[in-house]
Trainee: 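Sharing a structure, written as structure tokens. Questions coming.
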Amino acid sequence: MKAAVVNEFKQKLEIKEVPIPELEYGEILVRIKACGVCHTDLHAAHGDWPVKPKLPLIPGHEGVGVVEQVGEGVKSIKVDDRVGVPWLYSACGECEYCLTGRETLCPDQLNAGYSVDGGYAQYCKAPAEYVAKIPDNLSFEEVSPIFCAGVTTYKALKVSEAKPGDWVAIYGIGGLGHVALQYAKAMGFNVVAVDIQDDKLELAKELGADFTVNGMKGDPVKAIQDKVGGVQAAISVAVTKKAFEQAYQSVKRGGSLVVVGLPNDELPIPIFDTVLNGVAVKGSIVGTRKDLQEALEFAAQGKVKTNIETQPLEKINDVFERMVKGQINGRVVLTLD
Ligand code: NAD
Ligand code: ZN
Ligand code: ZN
């Protein structure tokens with residue numbers, strides 16, 4: 001099968017023929033139709049994070065397609081089902097986190113396109129119990145980003161504990177941010193969108209942001225404090241430290257900063273302000289299988305629409321180059337076949 005492979009960090013991905021994965025007990029084989037390009041895939045290809053991915057690696061954790069084969073012991077999925085293979089590729093099912101509905105914290109989890117091969121290929125195998133079925137009315141291309149960008153931001157908004165009517169700030173209107181703001185609107189929040197590029201903010205307005213701030217042209221913290229007196233929750237899905245600092249400062253008393261973006265950096269937080277203002281700082285990592293089902297349902301109901309650009313798998317190196325420069329509006333989805 002054809003796949004895009006990371007052989008070495010910071011080198012171009014190689015498009016090459018590799019063997020189709022062989023199924024083990026409980027696994028299914030998915031013929032991939034589309035796979036979104038998450039900024040995480042770029043971090044993986046660059047070896048940015050303290051925990052490194054396997055090498056060689058087939059990235060991709062928004063891989064969606066049709067089930068071509070089911071292995072021994074598979075009950076929940078059948079041939080021809082439409083499914084997606086998310087970042088949470090598998091978890092142990094037995095630890096305190098798995099047993100308490102917090103499977104994304106499982107220390108024994110595997111991650112698609114990181115610790116195991118993912119969706120940048122014609123085929124991807126996965127444990128049947130951890131894939132999600134795709135609603136009938138959504139195309140492969142449009143649903144693909146829900147499998148990471150969608151579920152991750154939906155979950156982050158839940159983690160924020162903001163309530164309908166509250167103001168929420170989304171820092172970074174990229175692949176994650178452009179769906180984050182739609183989930184936020186659908187969940188009843190007022191939304192301010194912050195980015196450093198006008199075209200992203202144009203998209204944010206089209207998608208329903210109540211107001212937008214360009215962090216290159218003005219001070220988002222001041223704009224937010226002046227206009228709404230601070231937000232109940234700030235979700236940072238940006239890729240630079242500056243955005244996290246500003247997101248923290250945008251939060252009002254008793255509010256929260258939810259840290260989602262993953263630049264390999266530190267977040268200096270003033271202890272005095274955090275204590276006196278009772279601000280919570282929380283990390284949020286993707287979402288559980290249940291979160292994913294819910295996130296898919298919002299998309300099926302038309303409440304969240306992904307802004308996508310399709311490109312053939314072979315274009316992945318160009319797509320990564322554009323991502324580094326911030327030249328992607330919404331999500332690029334790689335297509336196969
Ligand atoms: P992306 O490249 O599509 O979007 C990043 C956006 O941040 C861009 O629109 C860019 O213009 C904007 N940005 C950069 N600097 C900014 C600043 N100072 N202020 C405001 N905006 C700024 O990336 P993505 O695919 O949306 O991923 C974003 C980050 O989230 C990555 O680090 C990725 O690894 C991480 N991520 C985390 C999780 C998780 O579960 N926690 C899941 C998926 C992705
Ligand atoms: Zn992702
Ligand atoms: Zn576990």
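Each ligand, and each atom within it, is numbered from 1 in the order the structure gives. Positions are given from 1 along the sequence.
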Trainee: Which heavy atom of the protein is the closest neighbour of atom 27 (O) of ligand 1, given with residue, atom name and distance?
Mentor: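 Result: H39 CB, 3.3 Å.
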
Trainee: Is there a polar contact, in the sense of an N or O pair closer than 3.5 Å, between L262 and ligand 1?
Mentor: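 Yes.
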
Trainee: Let me see the working for H43 and N264 under side-chain hydrogen bond (donor to acceptor under 3.5 Å, both in side chains), right down to the final yes or no.
Mentor: CA-CA 9 Å; H43 292 305; N264 192 4; over 6 Å; no

Trainee: Salt bridge or not between R322 and E309? Use side-chain N to carboxylate O under 4.0 Å.
Mentor: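 Looking at E309 together with R322, the answer is yes, because their closest N to O distance falls below 4.0 Å.
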
Trainee: Using a 4.0 Å cut-off to any heavy atom of A243, which atoms of ligand 1 qualify?
Mentor: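 Near A243, meaning under 4.0 Å from one of its heavy atoms, ligand 1 has 17 (C), 18 (N), 19 (N).
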
Trainee: Report the member of L203, N214, L176, N264 with the shortest heavy-atom distance to atom 26 (O) of ligand 1.
Mentor: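 Looking at heavy atoms only, the winner is L176.
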
Trainee: If you have a sec, work out which protein heavy atom is nearest atom 36 (N) of ligand 1 and how many Å separate them, to one decimal?
Mentor: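 Going by distance alone, atom 36 (N) of ligand 1 is nearest to T40 OG1, 3.6 Å.
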
Trainee: Where the Zn ion (ligand 3) is the centre, what is the SG-to-SG angle for C106 and C92, rounded to 10°?
Mentor: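 Rounding to the nearest 10 degrees gives 110°.
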
Trainee: Which residue holds the protein heavy atom closest to atom 25 (O) of ligand 1, what is that atom called, and what is the gap in Å?
Mentor: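 So the nearest neighbour among protein heavy atoms is R331 NH1, 2.7 Å.
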
Trainee: Inspect the contact between E314 and K2 and indicate whether a charged nitrogen and a carboxylate oxygen are less than 4.0 angstrom apart.
Mentor: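 E314 and K2: salt-bridged.
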
Trainee: Using distance alone, decide if ligand 1 has a nitrogen or oxygen within less than 3.5 Å of any nitrogen or oxygen in D195.
Mentor: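 Yes - when backbone and side-chain N and O of D195 are compared with those of ligand 1, one distance drops under 3.5 Å.
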
Trainee: Given that the side chain starts at C-beta and the backbone is N, CA, C, O, which of these parts of I173 lies under 4.0 Å from ligand 1, counting heavy atoms, or is it both or neither?
Mentor: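 Looking at I173 and ligand 1, just backbone atoms fall under 4.0 Å.
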
Trainee: Is the contact between Q246 and ligand 1 made by the side chain, the backbone, both, or neither, using heavy atoms and a 4.0 Å cut-off?
Mentor: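 The answer is neither.
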
Trainee: Check this for me - ligand 1, V260, N or O atoms closer than 3.5 angstrom, yes or no?
Mentor: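 Yes; at least one N/O pair falls below 3.5 Å.
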
Trainee: Under a 4.0 Å heavy-atom limit, does F244 contact ligand 1 with its side chain, its backbone, both, or neither?
Mentor: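 Contact part for F244 vs ligand 1: neither.
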
Trainee: Please determine, by modelled atom types, if K325 and Q327 share a side-chain donor-acceptor pair under 3.5 angstrom.
Mentor: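 There is no such pair between these side chains.
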
Trainee: Under 3.5 Å, is there a donor-acceptor pair linking the side chains of S250 and Y171?
Mentor: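 Looking only at side-chain atoms, Y171 and S250 do form a donor-acceptor pair, the distance falling under 3.5 Å.
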
Trainee: Going by the order shown, which atoms of ligand 1 are within less than 4.0 Å of some heavy atom of V194?
Mentor: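 So the answer, numbered in order with elements, is 20 (C), 21 (N).
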
Trainee: Which of the numbered atoms in ligand 1 are below 4.0 angstrom from a heavy atom of C148?
Mentor: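 Those qualifying, in numeric order: 42 (C), 43 (C).
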
Trainee: For V237, take its heavy atoms, then give the atoms of ligand 1 lying under 4.0 Å from any of them.
Mentor: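 Checking each atom against V237, I get 28 (C), 29 (C).
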
Trainee: Please say whether H43 places an N or O atom under 3.5 Å from an N or O atom belonging to ligand 1.
Mentor: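 Indeed, backbone or side chain, H43 has an N or O that close.
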
Trainee: Salt-bridge test for E294 and K158: reply yes if a basic N is under 4.0 Å from a carboxylate O, no otherwise.
Mentor: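 Salt bridge present between E294 and K158.
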
Trainee: Is any NZ, NE, NH1 or NH2 atom of the basic residue among K303 and E297 found under 4.0 Å from an Asp or Glu carboxylate oxygen of the other?
Mentor: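 Looking at E297 together with K303, the answer is no, because their closest N to O distance does not fall below 4.0 Å.
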
Trainee: Before moving on, can you tell me the angle at the Zn ion (ligand 2) between the SG atom of C148 and the SG atom of C38, to the nearest 10 degrees?
Mentor: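 With the Zn ion (ligand 2) as the vertex, SG (C148) and SG (C38) sit 130° apart.
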
Trainee: Angle at the Zn ion (ligand 3), SG of C95 to SG of C98, rounded to 10 degrees, please.
Mentor: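 Output for this angle: 110°, rounded to tens.
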
Trainee: Of the choices T240, T152, V151, which has the non-hydrogen atom that lies closest to atom 18 (N) of ligand 1?
Mentor: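 The nearest heavy atom belongs to T240.
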
Trainee: Using a strict cut-off of less than 4.0 Å between a Lys/Arg side-chain nitrogen and an Asp/Glu carboxylate oxygen, indicate whether D117 and K54 qualify as a salt bridge.
Mentor: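 Looking at K54 together with D117, the answer is yes, because their closest N to O distance falls below 4.0 Å.
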
Trainee: Any N or O of Y171 that comes nearer than 3.5 Å to an N or O of ligand 1?
Mentor: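 In this structure, Y171 places no N or O atom under 3.5 Å from an N or O of ligand 1.
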
Trainee: Quick one: which ligand 1 atoms are inside 4.0 Å of a heavy atom on W49?
Mentor: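 Those qualifying, in numeric order: 34 (O).
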
Trainee: For V286 and C148, which heavy atoms make the closest approach, and how far apart are they?
Mentor: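 So the minimum-distance heavy-atom pair works out to CG1-SG, 4.5 Å.
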
Trainee: Quick test of your reading of the model: are R289 and E103 salt-bridged, counting only N-O distances below 4.0 Å?
Mentor: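 E103 and R289: salt-bridged.
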
Trainee: Would you kindly check if the NZ (Lys) or CZ (Arg) of K227 is within the cone defined by 45 degrees around the ring axis of F211 and under 6.0 Å from the six-membered ring centre?
Mentor: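 Here K227 passes the 6.0 Å and 45° test against F211.
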
Trainee: Answer with side chain, backbone, both or neither: which part of S284 has a heavy atom less than 4.0 angstrom from an atom of ligand 1?
Mentor: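 Under 4.0 Å from ligand 1, S284 contributes backbone atoms alone.
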
Trainee: Look only at interatomic distance and state if H61 has a nitrogen or oxygen under 3.5 Å from any nitrogen or oxygen of ligand 1.
Mentor: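 No, no N or O pair falls under 3.5 Å.
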
Trainee: Just to confirm my output: which protein heavy-atom neighbour is closest to atom 4 (O) of ligand 1, and how far is it?
Mentor: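 Of every protein heavy atom, G174 CA, 3.3 Å lies nearest to atom 4 (O) of ligand 1.
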
Trainee: Would you say G175 and ligand 1 have an N/O pair spaced under 3.5 Å apart?
Mentor: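 By distance alone, the answer is yes.
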
Trainee: Among side-chain atoms of N214 and D195, is any donor-acceptor pair under 3.5 angstrom?
Mentor: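 On atom types as modelled, these side chains do not qualify, holding no pair under 3.5 Å.
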
Trainee: I'd like to know if E62 pairs up with R331 as an ion pair, taking the criterion as any Lys NZ or Arg NE/NH1/NH2 lying under 4.0 Å from an Asp or Glu carboxylate oxygen.
Mentor: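 Yes, this pair counts.
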
Trainee: Are K78 and D81 within salt-bridge range, i.e. N to O under 4.0 Å?
Mentor: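 Between D81 and K78 there is a salt bridge, with a charged N closer than 4.0 Å to a carboxylate O.
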
Trainee: What protein heavy atom is closest to atom 30 (O) of ligand 1, reported as residue, atom name and distance in Å?
Mentor: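 Looking at atom 30 (O) of ligand 1, the protein heavy atom closest to it is G261 CA, 3.3 Å.
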
Trainee: Are N111 and Q109 linked by a side-chain donor-acceptor pair shorter than 3.5 Å?
Mentor: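 Note: N111 and Q109 side chains meet the donor-acceptor criterion.
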
Trainee: Using a distance-only test with no angle check, is there a side-chain donor-acceptor pair under 3.5 angstrom linking T274 and Y248?
Mentor: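 A donor-acceptor contact under 3.5 Å links the two side chains.
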
Trainee: Just let me know how K200 lines up against ligand 1, side chain, backbone, both or neither, with a heavy-atom cut-off below 4.0 Å.
Mentor: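 Side chain only; the backbone of K200 stays clear of ligand 1.
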
Trainee: Which of the atoms in ligand 1, numbered in the order shown and given with their element, are less than 4.0 Å from a heavy-atom of V286?
Mentor: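 Checking each atom against V286, I get 39 (C), 40 (O).
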
Trainee: Does the gap between the ring centers of Y89 and Y130 come in under 6.0 Å?
Mentor: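 No, the ring of Y89 stays outside the 6.0 Å limit from the ring of Y130, centre to centre.
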
Trainee: With a cutoff of 4.0 Å, is C38 in contact with ligand 1, counting heavy atoms of the residue only?
Mentor: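 Yes, C38 has a heavy atom closer than 4.0 Å to ligand 1.
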
Trainee: Need the ligand 1 atom indices (1-based, order shown) with element for anything under 4.0 Å from a heavy-atom of G172.
Mentor: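 Those of ligand 1 that fall under 4.0 Å from G172 are 7 (O), 12 (C), 20 (C), 21 (N).
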
Trainee: Can you pull out the closest protein heavy atom to atom 13 (N) of ligand 1? Residue, atom name and distance to 0.1 Å, please.
Mentor: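 The closest one turns out to be A238 CB, 4.0 Å.
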
Trainee: Does the gap between the ring centers of W87 and F147 come in under 6.0 Å?
Mentor: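 Ring centroids of W87 and F147 are no less than 6.0 Å from each other.
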
